Amino acid sequence: SSDWRVPPDEQIEMFTKLYEMNHPVRYAFYEGGDHSLIDYLNQVNLVTKNFLDTYVRDKKLWPSLEPHGK
């Protein structure tokens, strides 16, 4: 939320565009985080590792982004 290089509104715009294209995306907002996310490094590394383990190492398929339910 404190990134002077990529402000939150631009982050949300990118997320929205990817979502509209049915491209799998996960958005994490770190309150007070600067561009390097240095204060959240352990959390960011864990999220990144879990993502890579799931979709690269384990080759799990992307989840369906089609609306479902009632």
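Keep in mind that what you see is a predicted model, and the values were worked out from it rather than measured.
- Within the 3.5 Å criterion, the main-chain N or O of Gly32 finds a donor-acceptor partner in the side chain of Ser1.
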Expected list for residues 46-63: side-chain donor-acceptor pairs under 3.5 angstrom, two or more places apart:
{"from": "Thr48", "atom 1": "OG1", "to": "Val44", "atom 2": "O", "distance (Å)": "2.8"}
{"from": "Lys49", "atom 1": "NZ", "to": "Asp53", "atom 2": "OD2", "distance (Å)": "2.5"}
{"from": "Asn50", "atom 1": "ND2", "to": "Leu46", "atom 2": "O", "distance (Å)": "3.4"}
{"from": "Thr54", "atom 1": "OG1", "to": "Asn50", "atom 2": "O", "distance (Å)": "2.8"}

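- Within the model, atoms CG of Leu41 and CD1 of Ile38 stand 5.0 Å from one another, a figure rounded to the nearest 0.5 Å.
- Tyr40 places a side-chain N or O within 3.5 Å of a backbone atom of Glu31 that can act as its donor or acceptor partner.
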Validation: residues 5-22 side-chain donor-acceptor distances under 3.5 Å, sequence neighbours left out:
{"from": "Gln11", "atom 1": "OE1", "to": "Tyr27", "atom 2": "OH", "distance (Å)": "3.0"}
{"from": "Gln11", "atom 1": "NE2", "to": "Val6", "atom 2": "O", "distance (Å)": "2.7"}
{"from": "Thr16", "atom 1": "OG1", "to": "Ile12", "atom 2": "O", "distance (Å)": "2.8"}

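- The two residues Gly33 and Leu37 have their closest heavy-atom pair at CA-CD2, 4.0 Å.
- Atom OH of Tyr30 is separated from atom CD of Gln43 by 5.5 Å, given to the nearest 0.5 angstrom.
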